[in-house]
Amino acid sequence: MLALDGLVKRFGGVTALDGVAMRVAPGRVHALLGENGAGKSTLLKCLSGTHRPDAGTMRLAGAAYAPASPRAAEDAGLRFVHQELNLVPEFTAYENAYVGRAYEKRFGLVRWRIMRKRFAAVRDRYGLDLDIDRPVGRLSVAKCQIVEILRALMDKAKILVLDEPTASLSEAEAETLRAIVRRLADQGTAVIFVSHRLDEVFAVADDFTVLRNGKTVNHGRLAETSREAIIAEMAGQAFKQRARAASATGGATMLELSGLRVAPARPSIDLTIGGGEIVGLYGIVGSGRSSLLKSIWGANPLCRGSLVLDRSALPRTGIRSRIAAGVAYVSEDRRNTGLIMHQSILDNAALPRLGRYRAHRGLPVLSHRRLRAGVDAILSGLAVRFGRLDDRISTLSGGNQQKIMIGRWLDDDIRLLLLDEPTRGVDIRSKADIHALCRARAAGGAAVLFATSDIEELLMLASRIVVMAQGAVTLDIANSGVSRETVLKAAFHAPARSGMAS
Amino acid sequence: MAFSARYGTLIGLVAIIALFSALSPASFAQASNLINITQQMSLLAIVALGATFVMALSEFDLSVGAVVSMAGIVSVSLFGAGWGVPVTIAATLAAGFCVGLISGYLIATFRMPSFIVTLAIGTVIGGITFWISDGATLFGNIPVAFRDLGRGTLAGVPVLTLWALAATVLALFVLDWTELGRRVLAIGGNREAARLSGVRVTYNSVWAFALCSLFAAIAGLLLTARLGSAHPTGGNGFLLQAYAAVFLGMTAFRDGQANALGTLLGAAIIAVVANGLTILGVPNYLQDIFTGLIIIGAVLVRNIGHRAS
Amino acid sequence: MAFSARYGTLIGLVAIIALFSALSPASFAQASNLINITQQMSLLAIVALGATFVMALSEFDLSVGAVVSMAGIVSVSLFGAGWGVPVTIAATLAAGFCVGLISGYLIATFRMPSFIVTLAIGTVIGGITFWISDGATLFGNIPVAFRDLGRGTLAGVPVLTLWALAATVLALFVLDWTELGRRVLAIGGNREAARLSGVRVTYNSVWAFALCSLFAAIAGLLLTARLGSAHPTGGNGFLLQAYAAVFLGMTAFRDGQANALGTLLGAAIIAVVANGLTILGVPNYLQDIFTGLIIIGAVLVRNIGHRAS
Amino acid sequence: EDVAVLTPYLSSVATNEMVETFKTDAENKGWTVNVVDTRGDFQQLASRVEDVTNAGVDAIVLVSVDPNQIGDQIKAASDGKIPVFILDGALAEGVTANITTDNFALGTILSDYLFEAIGNKGNIVKFFHSAHPGVRQRELALDEALEKNGDVTVIAEHYVQVPGPIDNARQAMETFLRQHGDKIDGVWAAWDEPAIGALLAVQSDMPTSKMAIAGIDGNPQAIDLIGQCTNLVATVRQDFPAIARTAVAEIEKVMAGEAPSNPEIFVDAMVVDRKSLDATCDG
Ligand SMILES: Nc1ncnc2c1ncn2[C@@H]1O[C@H](COP(=O)(O)OP(=O)(O)OP(=O)(O)O)[C@@H](O)[C@H]1O
Ligand SMILES: Nc1ncnc2c1ncn2[C@@H]1O[C@H](COP(=O)(O)OP(=O)(O)OP(=O)(O)O)[C@@H](O)[C@H]1O
Ligand SMILES: [Mg+2]
Ligand SMILES: [Mg+2]
């Protein structure tokens, strides 16, 4: 149905696509695989008419295909869920679904009720859970992702393109989405599916294409290959994933939360983390993990309860008190609350620790030499692929942006590391790198608290597992021999009103 | 959301009216005065409603004042050349519309900052207006039928008030009930997302600018009808006031998006304060001071409520 | 990036200078005239550099014009009351600084829109200025030592030019070399991301507004020294021009961020155009038309280059 | 000869009339006239005076400018042997001649005329704008006239906003009419535009009123309205064309190497009312 040959796309000096070939068949799910920066999103943006390829041919159902704009691509029957959210924050979910396509109208007037009804019907048909009347600016990232997906499902597409649609979804939603994808493929839609979760890829996809450095290195049927082979092809070398983490036992108590409430009506939370421990926080979308991390970080004022770090109490609010005490935080939404997209890599990487790069200790004057040296040091530890330090951070691939966002906080005096979905959209090798960073911090005596929606990751990295549901902690156990079922059960457990169960 | 957060700016207006009514029950709080305020705010409201379209796009149009002035001069010149009322109105509105087309085209196609483009276009328009009028106030030859569009009452309501109401309904309608309006708001909310979703950014942006200029031209015609003369810089004073009204309106409802009802509310606040302070006979420098403080107060009511919630 | 995209606005300035030099080699293209232009643009440059701080924050300060006027009236009044030069300067600058503190505090703490807050503050300041001056132009009693701060030359360079250079270096330094400047730019880029990274949003925002007002007050003092008089609305004309300069500068370098060198370039374009057209003796209305077209052209050069790349 | 005309107020009717007459007359003499408007901005005005001084024009004409506001630039011009003439301004160091009507006298004429029209007794509304030095003089003349005549009181006053003086004055007048109604006997407007605004308010809101409105300038629209027997009964006409013509004559003299006839030349003003227009009004 779709045939791509010899696609080339350059951005200034960077060659993002360097002769890509790909064949997509109707009724099949095609996995597009590759490490961060391999060129997957760029390829899809060529398909969507956002970028125009510098060379190569695209054919759709036998005819030449060269969309001049996203609109042309839509008219050709393609639907996209891009890697980055593309929503209008002030609009409701159902109106967002209509942005860029014809609204329901009568006499030129928008028919809001019909639009709402149609969208609600699509939501219900696919069994997704979403409040459709709220402006999406006030929804969590995961819910926004669901809005994006529903938007692409509004009418029947010839080709559905999903760029890391499950990156911010938890297991349950991801499972639902995979079921939807299978259903659509069975009805004849061609689906292009990008994901870094290989288990998921094997579960849902039929065919695959692997990109490396902008070139197609292999393609074929998933049934005829193996996980290890794919990983080796993506990385260009054999690469062994580390087995389950040896559970580090906690040292002296590092963080102690007691009777903590993030809002008056929410349950209270008690949690203790020892130095050297890596605590994985699991929950379904909206379970309250992000709110908890933000409260610990002092970004949302605490309603009630106390927070003790290394035997000294922290004030209820105030990010700087956390920084001074050696806490670091990485937000879940790199585009909106994490990075400054139109600023340079340098500016973004240096922001949290600007004070380090003074020319003289007593003067708030920066030394550009130190700045560059410092940022170089941060980046070299992360294997980030980039052009120049002064390039906009938005020109990096999603995974590389993520690495910078974490790496800029890592530092020798960190005592508590708060990570909200730190490996979202990160390839397997980088994920291992980030995990190694966490382990190294923990080995150095820091406490690590990370929220994740990926059970695989949870079981692989955490030394202790904490599960939240509806704002309360429903499970808190050491990670030895814990099964997926135990975790999932706790995640769907309706907690007693008073709070903690274990 | 707390009540004061939701309706804060409206509460501000009510409080201002209550205050003036208490201070001057005999003059301010008369029905005739309140009706008169609706007339006094009408031209500002029309210009500001036009500006609401470009603010919905998250852009600025700083040429509105110049377009108001231009519309006045062009229309009186055409009357002087013997044109009839309908043709003159049509030609003037078309001229206004074209100004917006040009600004919108430059801004949307070349991604130039609207602030600088419209400031420059406003300067060009100002020069042309001056050229046409020779810098003089134009009067005479203005048909009575035209003048009646901007004065007098209809069923007890000032004609200008009716125009302003019609403009409000039109703006409300376009922004809330047409695809054009929604697309403009989508571009204003997240331009890149709108573009990637297939919204024709240039086309819709150009419309927003054209409507803005059109509204300014309407206000210019009504101003001329009202005054019976046209002055080459007579509309320039509307510029900052119109944006003040739009911004007041953006804090009023709907979390920061430009909207027609909010703009009307903003224009009302500005008009009520000016009227009330004049009636109270406050010295002119104190009028400025109070106007500033009252506007800050009106926004503050809402934002303090918002913080608390 | 293509050359014309990277240096487009600068190319625009060079082209404008070349054009005027060709048209008027005897008057425009004289060293003395070019030096004089640097003096004529200096006050605008200082106000615009101040505005660069708040634009770096992605906010507006519409009170700069009023602060320029206020600084002039306050200083001459203090001289009239017998104060010495250093104390008067210190008091005036402190007053300017405080205006910025207040605006910045209101905007950052209550999340009020800067457009409306600073417009209102500007109105209040205007009222106070009027009150102090009784609406009259103040002159007399201005010490010669003070006047010399704004006229004459030092080693062949006009004193005002030196002040503007000093202001440029200061603004460049603050924005590029200090934590304050980088944090202000970070807040301007993404307020929530900056906050979550531990940037004190209120503190840094207040500083940006205070610096902006301080620069405006400096310009007001120098204006008074240059003219030997102070007019209660004498600085208001700077408002739109200053933002035009900043916006021109934002298109010049660094992809859309406010920056000191760009602002200086923007102020230079505005000043060169005004000077050149006056020297050529272009009729008044054509001056407006050309000014507008040239400014659009200067931005267009760069944006067309940008699109091509 | 090259003559540069500079003003911050070209959009004001009076200034515009002077500039236009000056231009016509001067061009008839074969001079090149270059007009510069700085839109109320004195810093710009200073810069533009520097520019024309640098460009080496033969004479500089400043219209509606108080020379004290740009003393150094005027001095620099006269040091450069360029004569500086001022229309409707004041005299200062470096100024060759100032040709004007005495604004204080204008204010006195207006006040006296208006007081007489309302029978030297009653309430008046005052429209003023003290930022303009000439207009402020008229206000001071009113204060003096009020002091002399205790039976006339200012019942309300309004500081007129510029630009848009007509509409602004109209809105204020509408308010005053609601507030004081029949108690208003007269309107004192510091220039014609607010007077026109006040008249528009009276015409629409209190068409039967007999109040008298008077202004200054002899604005053509005002004269037209006086001729139509409206409440606008008089304007004190400064003879702007005469000012301009006098200036042309003086410049010619100076360029021929003579001294100006007088550094300060006053051109007379006259009252324009129904009588002087031969308007026939009933009642
Ligand atoms: N607009 C751009 N300007 C410059 N370089 C770009 C731009 N977009 C992408 N690139 C570069 O192209 C390369 C491919 O990026 P792309 O986003 O396609 O990677 P990806 O395979 O989607 O990675 P990820 O898994 O991290 O999303 C990267 O090196 C990136 O830095
Ligand atoms: N800004 C907000 N306004 C209103 N409700 C919010 C806001 N942020 C979060 N919530 C609500 O609070 C609850 C907890 O949200 P939170 O983001 O902490 O959950 P989470 O487990 O991290 O989910 P996710 O995986 O979606 O990030 C959810 O019901 C969410 O809808
Ligand atoms: Mg990608
Ligand atoms: Mg979360």
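Because the structure is predicted, anything quoted here is derived from the model rather than measured. Quick note on labels: first sequence line is chain A, next is B, and so on, each numbered from 1.
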K.L.:
Name the region of A:Ile323, side chain, backbone, both or neither, that has any atom closer than 4.5 Å to a heavy atom of chain C.
P.N.:
side chain
K.L.:
Given heavy-atom pairs under 4.5 angstrom as the criterion, report whether the side chain, backbone, both or neither of A:Arg408 touches chain C.
P.N.:
side chain
K.L.:
Which atoms of A:Leu366 come close to chain C, meaning under 4.5 Å heavy atom to heavy atom: side chain ones, backbone ones, both, or neither?
P.N.:
both
K.L.:
Name the member of A:Arg358, A:Arg322, A:Arg334 that forms the most heavy-atom pairs with chain C at distances under 4.5 Å.
P.N.:
A:Arg358
K.L.:
About how many Å separate NE2 of A:His342 and CD of C:Gln257, when rounded to the nearest 0.5 Å?
P.N.:
4.5 Å
K.L.:
Any chance you could measure C:Ile107, atom CD1, to C:Phe209, atom CZ, to the nearest 0.5 Å?
P.N.:
3.5 Å
K.L.:
Relative to chain A, which segment of C:Arg191 carries a heavy atom at a distance below 4.5 Å: side chain, backbone, both, or neither?
P.N.:
neither
K.L.:
Look at the side chain of C:Arg182 and the backbone N and O of C:Leu175, then say whether any donor-acceptor pair between them is shorter than 3.5 Å.
P.N.:
yes
K.L.:
Find the distance between CG (A:Leu260) and OG (A:Ser295) and round it off to the nearest 0.5 Å.
P.N.:
6.0 Å
K.L.:
Which residue out of A:Ser331, A:Pro352, A:Gly338, A:Ala350 racks up the most heavy-atom pairs below 4.5 Å with chain C?
P.N.:
A:Gly338
K.L.:
Rounded to the nearest 0.5 Å, what's the gap from CG on A:Asp420 to CD on A:Glu332? Could you check?
P.N.:
4.5 Å
K.L.:
Relative to the ring of C:Phe60, is the ring of C:Tyr243 parallel (under 30°), tilted (30 to 60°) or perpendicular (over 60°)?
P.N.:
tilted
K.L.:
Is A:Asp333 in contact with chain C via its backbone, its side chain, both, or neither, using a 4.5 Å heavy-atom distance?
P.N.:
neither
